[in-house]
Amino acid sequence: MASSLKVEQVQSRADRFTPVPPHLTRLSVSRRIWNGVRIDITEFWGKGEVCNHLCFESQVRLSGLIEEVGGHCEPRLLAGKRCPIDYTPRHMHFAPAGMGIWGYSPDLRYLKHITLVFTRAGGARR
């Protein structure tokens, strides 16, 4: 019986950010898939205000900030509407499938972010 616990390196999702959103100067994405969960670790370098749509809107995901430099970063349900929850460093957020999320920072310099994307087939057991 083959193990489903094997960690596999796959191509990054950096192409989803082409062209790179305004004020981002560089981005790096590292991706792994493990047991039906896709894990992306994304690093952004920027200079100024950034508001970009986060990927995987059609899937269930859990995201968290690992590190941030510059202005605080917040998740938003609408690009132009501030998050109603007070800012907390290294926060996490959960988003069900079908819910769009935007990442906003008034003065981003560096951000390291992790997203766990749960595939529908990943949780099925026989």
Side-chain angles (χ1 to χ4, degrees):
M1 177 188 289
S3 170
S4 62
L5 301 178
K6 183 178 178 185
V7 176
E8 173 186 342
Q9 179 72 42
V10 297
Q11 194 160 9
S12 79
R13 67 181 177 95
D15 59 329
R16 288 184 183 242
F17 291 101
T18 303
V20 174
H23 302 291
L24 287 183
T25 58
R26 190 170 134 212
L27 111 98
S28 168
V29 181
S30 184
R31 176 183 280 176
R32 301 262 185 205
I33 297 174
W34 175 75
N35 202 25
V37 178
R38 189 170 61 230
I39 303 164
D40 282 359
I41 297 177
T42 307
E43 294 177 275
F44 295 97
W45 289 264
K47 54 179 182 180
E49 183 178 37
V50 174
C51 187
N52 67 299
H53 186 257
L54 302 180
C55 299
F56 315 121
E57 186 172 303
S58 65
Q59 296 169 308
V60 175
R61 63 242 186 249
L62 176 66
S63 297
L65 287 178
I66 298 171
E67 186 176 350
E68 59 187 330
V69 177
H72 72 275
C73 298
E74 68 179 59
R76 291 183 168 188
L77 298 177
L78 298 171
K81 187 173 181 183
R82 195 172 176 274
C83 181
I85 300 170
D86 289 338
Y87 168 75
T88 303
R90 297 189 181 115
H91 67 269
M92 295 178 71
H93 68 270
F94 172 81
M99 177 181 280
I101 300 285
W102 283 258
Y104 173 80
S105 177
D107 189 24
L108 178 72
R109 298 295 175 224
Y110 174 77
L111 172 80
K112 190 171 189 177
H113 179 267
I114 186 167
T115 301
L116 284 74
V117 179
F118 301 93
T119 63
R120 292 179 188 202
R125 299 237 183 230
R126 294 178 189 206

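Counting only heavy atoms from C-beta outward, the side chains of Trp102 and Asn52 never approach each other to under 4.5 Å. Contact annotation: the side chain of Ile33 never approaches that of Ile39 to less than 4.5 Å [non-hydrogen atoms, C-beta and beyond]. Using a 4.5 Å cut-off on side-chain heavy atoms (C-beta onward), Glu57 and Met99 make no contact. By the 4.5 Å heavy-atom criterion applied to side chains, Thr42 and Leu27 are counted as neighbours. Within the 4.5 Å cutoff, the side chain of Lys112 has no heavy atoms near those of the Leu65 side chain. Between Ser105 and Glu49, the closest side-chain pair of non-hydrogen atoms is not below 4.5 Å. The side-chain heavy atoms of Lys47 and Thr25, taken from C-beta on, include a pair separated by under 4.5 Å. Counting only heavy atoms from C-beta outward, the side chains of Pro75 and Tyr104 never approach each other to under 4.5 Å.
Cys73 contributes atom SG, which lies 4.5 Å from atom CG of Leu111 (distance to the nearest 0.5 angstrom). The structure places NE2 of His53 at 8.5 Å from CD1 of Ile101, a figure rounded to the nearest 0.5 Å. For the atom pair CG of Leu62 and CD1 of Ile114, the computed distance is 8.5 Å after rounding to the nearest 0.5 Å.
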- Task: Please report the C-alpha distance between Leu108 and Phe44 in whole Å, then the side-chain angles of each, then the deciding distance to 0.1 Å, and finally whether the side-chain contact (heavy atoms from CB on, under 4.5 Å) criterion is met.
- Result: CA-CA 8 Å; Leu108 178 72; Phe44 295 97; 4.1 Å; yes

- I would like to know whether Tyr110 and Glu67 meet side-chain hydrogen bond (donor to acceptor under 3.5 Å, both in side chains); could you show each step before the answer? CA-CA 8 Å; Tyr110 174 77; Glu67 186 176 350; 4.5 Å; no

- Task: With side-chain contact (heavy atoms from CB on, under 4.5 Å) as the test, would you mind laying out the steps for Phe94 and Val60 before giving the verdict?
- Result: CA-CA 8 Å; Phe94 172 81; Val60 175; 3.5 Å; yes

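Put simply, the side chain of Arg26 never gets that close to the backbone of Leu24: no donor and acceptor are under 3.5 Å apart. No side-chain donor-acceptor contact under 3.5 Å links Thr115 to the backbone of Asp40.
Across all non-hydrogen atoms, the minimal contact from Ser63 to His113 is CB-NE2, 3.5 Å.
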Would you mind writing out the side-chain donor-acceptor pairs for residues 78-93 within the sub-3.5 Å range, not counting sequence neighbours?
residue : atom : partner : partner atom : Å
Tyr87   : OH   : Glu68   : OE2          : 2.3
Arg90   : NE   : Ile66   : O            : 3.2
His91   : ND1  : Thr88   : O            : 3.3

